[in-house]
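Data first, discussion second: the structure below is written as structure tokens.
As a basis for the values below, the full set of heavy atoms in this structure was taken, side chains included, without hydrogen atoms, waters or symmetry mates. Fair warning: this is a prediction, and the values are worked out from it, not measured in the lab.
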Amino acid sequence: MGRPVLINTRVGGGSSTEIMFGEATLEPTMMHPRGSATVFPAPTVVGIANGVAFFDDVDTTATGPTPEWVYRLRVRDARTGAGWTRFVGVPAGGTVLNFNDMPVYNEVPASERPALVDLVSVAESAAEDARVAREDADQAAQSAASAAALVGAPAGDAIRAVVNSDVGTLASDLRVNLDSTYAALPPVNATDRWFAKYGNRIVLPTHQPISTDGQVVHPSVIRVQGGWGGYKYWMAYTPYESGNDAYEDPCVVASNDGTHWELPAGIPFPLDDGPGGAKYNSDTNLAIANGVLYCFWRYLDTTATGAEEMLYFRSSTDGVNWTPKQLAHVSAIGTLRILAPSFEYFNGKWHLWGVDLNQANRPLVYRTADELGGAWSTPVNCNIPVEDNYSPWHVTVKRVGDQFVGLMNDTMLGGNGGRSANLYVISSADGIDWDRSTKPVIPRIGPEHNDMYAATFDVTPDGIDIWYSAIARNPSAWHIFRAKATRQGLGTPYAATSGYGEVDTVAANGGKSQLVIDFPAGLFSGNPIVTATSANGRCTIGLEATPTKDQAIINVFNWTTGGATTPRVFWQAIQQNA
């Protein structure tokens, strides 16, 4: 087990080195002994949000000079590519190491160059920095050209001018392909301890406003082992700039790594364009059947008396050419209102789950049909655990091997997710009776985002790949994040949250201020370990008392001359498994 390291990337005071959003890389500069072997550890890359990057497990060593290991820390801005590099030391220890407390060098120090250890030379380091600078310049030039191409161009053409790719061949039977992928995986039991760190934000295009990195929600992702249509991943989502439902239209993109997404050449963008207001789209969902990719979405038309709730779909055999939209399901607002529809096709039938807004407790309902647009079975209310005064809100279900697996965003009764929403893993043998993880799988509030919304997933041999929508901080905007949930063993971090806050001005020469932190309800079952640092060098940090599962109080002291005006405090709380 290594040491957690918290990096404050806002070191420039407003200059090009003040990085608010981007990525940080911690790269070893030498080989190190590990047991009986000598290894060169791989670089670790994490996202930066609000000027903070957190590495949760950085290797240290028990022998040698201090600092025992020297790393090259690279920080890059997501928008401009600008950044900075430092050589830093990571002494052994178990507490969170803050950037201000790390030894910093202009180059790998001579004292850190023991015999028979292969170092990266300063010359090599300079050459590498020059190469990175050239790549950053090329990327900035390409981004500028892409932005210029957007002006005055139609949405689909403008985005495709930036992101374009060849389309490959079609898998013969996509459903069989997916079933064979899942069949070899171990069962997913929601009652296992599942936990994921905050996700990294991904970039997605929007048609309205035209942007290569717009505000989006409602992700739905399918991974195809071996690829389909030239890609391994397909995603549907809806743009949601400033909460405007006129933009909330189904869009489809593709990827080969699940992180970098693009528009295949020729694909309609969006698949449908609703006017908003009384008639708007929402809630995309991807499904596959007999070698065909289906994109479903929800359409509410409050003027269509008795048939207001409509679930539409378009389908494709290559990911580029799509059929005209068709009705898969229709119902009256006063009878059945299916929110967040989730479709799956297996055993010759279509299966549909969705949250019924027409019932007071907003249950998850389930029904089947032989064909889309045909007769659907009587809705059955599913049994799924929720907290008191909560209900399901957005639920995604997939057939994984011989079971059903899903993610559930809940909400307070009468609410609409967001600030009150938690994300849980769910599983079922029959699609009706469900188990739910006892803890949220991802903390909903922290330095990366305020709120959580709809989510999607893919089951892999080492856990659950999750894409979820949330409101990012600074600026406040809807985006999609990617995280990896794993089963947690004894002694590993099971629940965690983090954030930052400003305190009142701290007077010089012994002044004190406090930051009160209220943890998300139910996140911790016991007292967490709380660590914190200040972005102001005049201030030192302490705890008022032992944190409880509900709250921590951080003291901010100033022992220097000159007051600290509203200093910002970064904190993290982690509860270990029992």
So, Gln359 and Asn381: side-chain donor and acceptor under 3.5 Å apart, yes or no? yes

Rounded to the nearest 0.5 angstrom, the OH-SG distance for Tyr312 and Cys295 is 14.0 Å

Gap between atom OG1 of Thr302 and atom CD of Glu308 - 0.5 Å precision: 8.0 Å

Donor on one side chain, acceptor on other, Thr238 and His218, under 3.5 Å: yes

With sequence neighbours excluded, what pairs up with Asp245 under the salt bridge (charged side-chain N to carboxylate O under 4.0 Å, His left out) test? none

Note: Glu387-Arg436 ion pair, threshold 4.0 Å (strictly below): yes

Test log, rule side-chain hydrogen bond (donor to acceptor under 3.5 Å, both in side chains), inputs Ser428 and Asp430: CA-CA 6 Å; Ser428 172; Asp430 59 8; 3.1 Å; yes

Is there a donor in the side chain of Asp283 and an acceptor in the side chain of His394, or the other way round, less than 3.5 Å apart? yes

Keeping Gln403 on the side-chain end and Val188 on the backbone end, is there a donor-acceptor pair under 3.5 Å? yes

Take His479 and Tyr240 through the ring pair (Phe, Tyr, Trp, His ring centres under 6.0 Å) test and state the conclusion after the steps. CA-CA 9 Å; His479 288 293; Tyr240 201 47; over 10 Å; no

Arg399 NZ/CZ over Phe346 ring centroid, <6.0 Å and within 45° of normal: yes

Using the ring of Tyr294 (Phe, Tyr or Trp, six-membered ring only), decide whether Arg314 places NZ or CZ under 6.0 Å from its centre and within 45 degrees of its axis. no

Stacked cation flag Arg482 on Tyr233, 6.0 angstrom / 45 deg: yes

Using a 6.0 Å distance limit plus a 45 degree cone around the ring axis, check whether Lys398 lies over the aromatic ring of Phe404. no

Test salt bridge (charged side-chain N to carboxylate O under 4.0 Å, His left out) applied to Arg367 - qualifying residues, sequence neighbours left out: none

Donor-acceptor pair between Asp272 and Asn281 side chains, under 3.5 angstrom: yes

Say whether Thr460 and Asp462, considering side chains only, have a donor N or O and an acceptor N or O under 3.5 Å apart. yes

Please check if any side-chain donor atom of Thr396 sits under 3.5 Å from a side-chain acceptor atom of Thr456, or the reverse. no

Any luck finding a side-chain donor-acceptor pair between His351 and Tyr366 under 3.5 Å? yes

Do the side chains of Pro264 and Trp234 get nearer than 4.5 Å, heavy atoms only? yes

Phe343 CZ to Ile288 CD1 distance, which is reported to the nearest 0.5 Å: 15.0 Å

Taking the side chain as every heavy atom from C-beta outward, state whether Ile267 and Val252 have any atom pair closer than 4.5 Å. yes

Given Val216, which partner from the list Val203, Ile202, Leu204 fulfils the side chain to side chain contact (heavy atoms under 4.5 Å, CB included) test? Leu204

Ring centres under 6.0 angstrom apart (Tyr390, Tyr424): no

Separation between CG of Asn389 and OG1 of Thr411, rounded to the nearest 0.5 Å: 11.5 Å

Polar side chain donor-acceptor pair, Asp257 to Thr259, under 3.5 angstrom: no

Classify the side-chain pair Glu262/Tyr231 by whether it contains a donor and acceptor separated by less than 3.5 Å. yes

Taking Trp478 for the side chain and Gly214 for the main chain, is one N or O donor matched with an acceptor at less than 3.5 Å? no

Residues His329, Phe296; criterion ring pair (Phe, Tyr, Trp, His ring centres under 6.0 Å); working and verdict: CA-CA 10 Å; His329 183 283; Phe296 298 89; over 10 Å; no

Do you see a donor-acceptor pair shorter than 3.5 Å between the side chains of Glu241 and Asn244? no

